[in-house]
Number of protein chains: 2
Amino acid sequence: MSGAPRSLAADGHSPMTEDDIGAAPAGSVARGSGVTLWRQIAEKLEAEILAGALAPGVRLPVEADLAERFGVNRHTLRRALSHLSEAGLIEATAGRGTFVKEPPLRYPIGPRTRFSEIVAAGGREPSGRFRGSTVEAADADVARELQLAIGTPVLRIETTHEADGVPISCGSAWFPAARCRDLDLVYEATGSLTRALATLGIEDFRRRETRITARPANPREMDILSLAPGRAVMVLERLDVEANGTPLQWGRSSFAADRVQLVFKP
Amino acid sequence: MSGAPRSLAADGHSPMTEDDIGAAPAGSVARGSGVTLWRQIAEKLEAEILAGALAPGVRLPVEADLAERFGVNRHTLRRALSHLSEAGLIEATAGRGTFVKEPPLRYPIGPRTRFSEIVAAGGREPSGRFRGSTVEAADADVARELQLAIGTPVLRIETTHEADGVPISCGSAWFPAARCRDLDLVYEATGSLTRALATLGIEDFRRRETRITARPANPREMDILSLAPGRAVMVLERLDVEANGTPLQWGRSSFAADRVQLVFKP
DNA sequence: GGTTATTTGTTCGTATGTATT
DNA sequence: AAATACATACGAACAAATAAC
């Protein structure tokens, strides 16, 4: 259990007698350089993360070891980690450890973006998960967007999306029930909306508009997306139309803001 | 969760035998309540600030006194202050003291779709306000986006944008200094980036990419955009290129997420 | 499935540095 | 120049969450 009290010179402090460390291997912090120790450590770790030496998902050494490596007190080391955590580069959990976070997934928004292609393009394993479906009466929002009369039956499908098992987004999409009968069943079976629509003979549709806002996550989103309180979600509303311009689906999804980067190219 | 620890005290510790406080006047923190001491203190102080009991500009008692008032160690008190400082509610200066900052104003914004076109147009609307400019060495981000060597001189222009007097966004844009000499002066004079660029003979440029993330607002954004703590900002990164493909400007702007709806049409 | 070990999180104590008044 | 007040750093102990046995 971490013996080696390291004696440390008594004399209260002894700011820099580089002798007692002996190693000071990769982590050598310059005491009295004008830059605080915790900032030097934070910058060093950040550089390693950005350079890829500390790959996403990698678990950092435990705090005690890191502190020893840098030759500082655990408090000082923790302050550096706290800084990186606020910057979104790492994530610490009591009892588990500290991990380098995945960089935000680039999520291109275009006329024909499909989730599976986006994620696959990022080299990750996509999975859409079916959470449930209902047939309900179109409310004012849905009716306006889908150009239906209020009260028209619409099929609502609730989904979540993951990349490599990490939840990315959750939300609902509404379809005209008459046009999309049993779409939910096929979707649940295949896990792919694109394929489910194809079975209905709908292969050509495109994004007509995308609207984005953001706000702190609500409890439901915190649960589904595994978000800490106070984190932000981007709320993306989208309208897809068929080739002839008929509204096909209108949806509203919440994205974990620190795991996704929405990308628009004209 | 929170399975009633309720043992508290635990003795074996006893640095402060509750007798010496005697008073525990306004500040009484509940030890062993499941909520950390620093958070209780932070919330208490925040409530006093938001309620107006601690008016803007008021100087807080010195840390030692505050720590005594709450019956905690100065470290614990400082952690609470640090939290408030990050949230932008207070500001501490060594040797001077800790002061309550001016409170963020709340702007009730009604229909928000008004601003969408402004934003979708790419931040070139005429209501931009010049906040300052500097010539600095390109850091890694700027250099990569503008395809310059790290350290190349770049012109940085800081702006805010308002609509009907309500702050909407703030951010910086970077230009190759060699290409855009005195751009800032012209911009400050005209208030229009498009016109300023035209005086440099740059009339044809286009948006190449727009990236969007979101996160809780930081103190600076809370200040400029008059945001309450915890509100979200959308961070929009954009790259403009000249007709021949040469990067012209790269910028990063923060939008008050609840006042703006970004609309993208393919 | 309960117990133990590991690891992060919180708190108090103390000393010293540095900027401001 | 000295006192004041925030800033940084080291040390020790315990609490709480998680993982491993």
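The sequence lines fix the lettering, A, B, ..., with proteins before strands; numbering per chain opens at 1.
Looking at which nucleotide of DNA chain D each of A:Val35 and A:Arg74 is closest to, the 5′-most match is held by A:Val35.
The existence of a salt bridge linking B:Glu145 and B:Arg211 is confirmed by a sub-4.0 Å separation between a basic side-chain nitrogen and an acidic carboxylate oxygen. Ion pairing between a basic and an acidic side chain is recognised when a charged N comes within 4.0 Å of a carboxylate O; A:Glu158 and A:Arg131 show no such pairing. A salt bridge links B:Glu221 with B:Arg215: at least one charged nitrogen is closer than 4.0 Å to a carboxylate oxygen. Ionic pairing of A:Arg259 and A:Glu102 is not present here: no N-O contact between side-chain nitrogen and carboxylate oxygen is shorter than 4.0 angstrom.
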Enumerate the protein-to-nucleotides 19-21 of chain C contacts in which both atoms are nitrogen or oxygen and the separation is below 3.5 Å.
unit_1, atom_1, unit_2, atom_2, d
C:dT20, O4', B:Ala94, O, 3.4

Between the protein and nucleotides 2-4 of chain C, which nitrogen or oxygen pairs are less than 3.5 angstrom apart?
none

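Listed candidates were C:dG9, C:dT7, C:dT11. Nearest to the side chain of B:Trp38 is C:dT11. Picking from C:dG13, D:dA9, C:dG9 the nucleotide with the shortest atom distance to the side chain of A:Thr36 gives D:dA9. In this structure, the nucleotide among C:dT8, D:dC10, C:dT14 sitting nearest to the side chain of A:Asn73 is D:dC10.
Looking at heavy-atom distances under 4.0 Å, B:Arg79 makes contact with sugar-phosphate atoms alone, never a base. Residue-level contact check: B:Arg39 touches neither bases nor backbone, having no heavy atom under 4.0 Å from any strand.
A donor-acceptor contact closer than 3.5 angstrom links the side chains of B:Trp174 and B:Glu136. Counted by atom type alone, A:Thr36 and A:Arg79 present zero donor-acceptor pairs between their side chains at under 3.5 Å.
For D:dA12, its base sits under 3.5 Å from the side chain of A:His75 at one donor and acceptor pair at least.
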- [ ] For DNA chain D, produce a single dot-bracket line, 5' to 3'. Pairs: Watson-Crick or G-U wobble, both distances under 3.5 Å. Symbols: ( ) within strand, [ ] crossing, | other strand, . unpaired.
- [x] .||||||||||||||||||||
